[in-house]
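Everything on this sheet refers to the single structure shown next.
Only this structure's heavy atoms are used, side chains among them; waters, hydrogens and symmetry mates stay out.
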Amino acid sequence: MTSLSPTTLTFEDVLRALSGPWTGTGNTLDQLVDRTGRVRSNLKRDLGKLVELGLVQGDADLGWTRTPQGTEALDAIDRANGFVPAGAIARFALDRIDFNPDNPRKSVDQDALEGLADSIAEAGDLLQPIVLYKASPGQLNRMLHAGERRVRACRLLQAQGRLPEALAQGLPFIQREASKAEALFIGLVENGQREDLSPWEDAQALKAYRDETGLSARQIALKLGRAQEGSEKGVRDVQEKIATLDRAKPAAIEEVRRGRQNFDWLKRQVRKRIEEVSSQLRSIDLMTIAEVVHKGRNTPFTRFTYGLETECDHDAPKDPVFKGLVSQGVFRFTALNYNDPRSSVNLGSSDQLSEVLMSEEFLPIYTPGSNAADAIAALHALRVAAVGEEKANAATEAGQYVSSWLNAPFAYTEEQQTKMAALKTAKAANRAETKRIRERDAARLERVISVDEQVIANGLKDHIIKGLREEFAEKAVDFPLRPKRRGIVDAQGRYLVMSGGIGHQYQPRETELLHLICTVMNAALAPTPLEAAINKAASQDASDAAA
């Protein structure tokens with residue numbers, strides 16, 4: 001894709017005319033004029049331009065030849081157009097060719113089409129093969145990449161019963177290997193060079209190219225050669241066409257598609273919607289939105305992922321303008337935790353906001369990659385309308401925002417500092433409690449392991465049973481234990497063994513086994529009446545002491 005450019009497509013014939021080995025002579029200006037048919041004075045200037053771009057080398061004294069970069073550019077064009085050697089042209093059935101919906105040209109002049117059909121009938125075949133996309137697995141049809149007028153002319157001849165015999169066997173074709181983005185790029189450049197597309201067709205092609213590549217309108221304008229680096233000329237037209245299709249209602253687009261209205265009418269419909277929405281907002285509202293968008297483009301805040309987001313002060317919601325825009329869904333406000341003095345503001349998803357952002361006043365501010373000076377100029381104009389020239393000049397010259405809650409650095413309020421101190425104390429207490437519980441559980445685990453080792457070595461002795469009773473007492477298990485469903489619960493109904501039983505699969509004698517386990521555990525581990533009385537008295541003493 002990098003080798004494809006408006007320049008290489010414009011001067012493809014010149015690059016192809018510079019074929020053959022170069023010995024320091026040959027490929028003179030007169031020879032190239034004869035091969036290309038170009039005007040001599042213009043061709044000399046164009047060759048100098050191609051030398052500067054590194055596609056051609058040489059001069060008027062020695063002659064010219066292609067550089068490796070020039071050859072690479074031709075190879076890219078050949079790949080995009082499906083080049084095959086002579087004699088390898090195949091044929092494809094006319095009825096199995098589908099038109100490409102992404103083709104920029106949507107209309108064909110009927111008189112010109114009939115003239116082309118007559119010339120094809122007279123020649124008896126197509127002098128230049130069409131270009132088709134490779135068929136997808138399981139599909140019989142192929143989609144057309146280049147040659148739509150030729151295919152339409154052949155179908156016209158077929159309907160009139162005049163299709164030449166050679167074409168009845170199929171249309172000569174070659175197979176395209178370029179990506180969809182490359183195909184759109186070539187269509188935009190070549191159609192624009194041969195015959196201007198209508199604004200409607202151009203807008204559709206530009207939007208399709210944007211959707212396929214993800215490039216911004218500015219990048220597309222530069223890539224297509226419609227604008228030069230450092231200049232806004234040509235960028236605004238591409239931005240407006242893409243934005244119009246993005247913002248237009250489906251019903252309005254259908255009116256243009258059916259030929260009932262033109263593209264200028266569609267632009268007026270979009271502009272009318274934007275003006276209607278903008279009229280519902282005050283000038284101070286529009287300025288505030290513009291300042292948030294400007295800061296979001298220049299100082300993005302990446303803590304969250306939704307919307308165009310930037311940082312602001314915790315006190316932003318106290319500003320009545322900000323509060324009103326949040327209530328309308330224009331802004332979203334997110335207060336961060338008290339370890340961070342900032343909060344977050346990002347754009348909402350209201351239809352009102354969408355229309356405003358696509359207005360002419362906002363495009364230089366909202367469009368990614370816009371010229372910085374243009375963005376500042378647009379922002380300043382909105383400030384003047386909202387707060388007057390004096391305040392607007394002061395803010396612009398200082399590089400600050402009129403909406404003071406957007407200006408860093410941000411500081412904690414006294415209330416926030418109090419909350420932070422309380423939060424810090426609470427966290428320290430939680431850490432200490434967590435450490436105490438961890439140490440207690442570690443000590444218990446060591447005792448249980450010790451009891452387990454004694455049981456394995458000596459069996460279940462009386463002193464070991466006493467240790468187990470103490471452990472169960474610490475776990476607040478109330479005896480007697482009893483089976484419940486397929487588990488074991490204590491006297492308060494709390495599960496010690498959850499439903500699921502003894503094994504993974506149900507066993508016929510499982511209920512009896514659960515009863516037996518409960519009986520043994522109650523006999524061996526339940527505290528004796530004397531121990532129970534002592535434990536109860538100790539618990540009461542502890543409660544009285546706590547009270």
Side-chain angles (χ1 to χ4, degrees), residues 6 199 202-203 206-207 209-210 213-247 267-268 270-271 273-275 277-279 281-301 307-311 325 330-331 345-347 352-403 406-408:
D202 193 38
L206 289 169
K207 183 178 184 300
Y209 188 62
R210 189 279 310 273
T213 62
L215 297 175
S216 68
R218 173 182 296 278
Q219 291 170 322
I220 292 172
L222 294 172
K223 197 171 188 65
L224 292 175
R226 299 190 185 185
Q228 301 299 320
E229 194 69 49
S231 171
E232 289 299 295
K233 186 177 180 181
V235 173
R236 186 60 58 84
D237 179 63
V238 175
Q239 289 176 336
E240 184 181 40
K241 285 177 176 175
I242 294 176
T244 296
L245 290 186
D246 283 339
R247 306 314 317 155
K267 287 196 298 184
R268 289 196 298 271
V270 172
R271 182 63 188 171
R273 288 179 60 199
I274 293 173
E275 290 174 350
V277 172
S278 297
S279 66
L281 294 170
R282 300 168 300 170
S283 56
I284 189 68
D285 296 326
L286 295 173
M287 183 208 72
T288 303
I289 295 171
E291 291 197 326
V292 169
V293 171
H294 183 268
K295 185 172 183 181
R297 288 290 182 221
N298 292 278
T299 314
F301 198 25
L308 181 67
E309 184 180 25
T310 190
E311 61 183 20
L325 291 172
V330 175
F331 290 157
V345 58
N346 71 290
L347 300 183
Q352 189 178 42
L353 176 64
S354 301
E355 303 297 348
V356 168
L357 295 178
M358 300 312 299
S359 65
E360 185 176 351
E361 294 81 3
F362 269 76
L363 276 178
I365 306 170
Y366 179 66
T367 305
S370 291
N371 183 276
D374 289 345
I376 289 294
L379 180 60
H380 183 75
L382 291 167
R383 285 172 172 167
V384 171
V387 297
E389 193 166 348
E390 183 178 350
K391 287 186 177 180
N393 288 339
T396 302
E397 291 172 5
Q400 296 287 303
Y401 294 101
V402 176
S403 307
L406 281 173
N407 295 320

Inset, instruction - Decide yes or no on side chain to side chain contact (heavy atoms under 4.5 Å, CB included) for Y401 and V292, but give the supporting numbers first. - result: CA-CA 9 Å; Y401 294 101; V292 169; over 6 Å; no
Inset, instruction - Before giving the answer on side chain to side chain contact (heavy atoms under 4.5 Å, CB included), spell out for L357 and V293 the whole-Å C-alpha distance, their side-chain angles and the decisive distance to 0.1 Å. - result: CA-CA 9 Å; L357 295 178; V293 171; 3.8 Å; yes
Legend entry - Worked check of side chain to side chain contact (heavy atoms under 4.5 Å, CB included) between L347 and F331: CA-CA 5 Å; L347 300 183; F331 290 157; 3.9 Å; yes
Donor-acceptor pairs are to be reported for all side-chain atoms of residues 383-395 against protein atoms at under 3.5 Å, with residues two or more places apart or in another chain.
unit_1, atom_1, unit_2, atom_2, d
R383, NE, E291, OE2, 2.9
R383, NH1, T396, OG1, 3.1
R383, NH2, E291, OE2, 3.1
R383, NH2, Q400, O, 3.1
N393, OD1, H380, NE2, 3.2
N393, ND2, E389, O, 3.2

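I284 CD1 to S403 OG: the interatomic distance, rounded to the nearest 0.5 Å, is 6.5 Å. Atoms CZ and CG, from R282 and L325 in turn, are 7.5 Å apart once rounded to the nearest 0.5 Å.
T367 places none of its side-chain heavy atoms less than 4.5 Å from the side chain of F362.
With sequence neighbours excluded, no residue forms a ring-ring contact (aromatic ring centres under 6.0 Å, His included) with Y366. Annotation: side chain to side chain contact (heavy atoms under 4.5 Å, CB included) contacts of E240 (sequence neighbours excluded): T244, K267. Applying the salt bridge (charged side-chain N to carboxylate O under 4.0 Å, His left out) criterion to K241, with sequence neighbours excluded, gives D202, D237. Residues passing the side chain to side chain contact (heavy atoms under 4.5 Å, CB included) test with A408 are E311, F410, sequence neighbours excluded. Scanning for salt bridge (charged side-chain N to carboxylate O under 4.0 Å, His left out) contacts around R297 gives an empty result, with sequence neighbours left out.
Partner of H294 under the side-chain contact (heavy atoms from CB on, under 4.5 Å) criterion, chosen from I376, L382, L406: I376.
Counting only distance, with no hydrogens or angles, the side chain of T310 and the backbone of P300 share no donor-acceptor pair below 3.5 Å.
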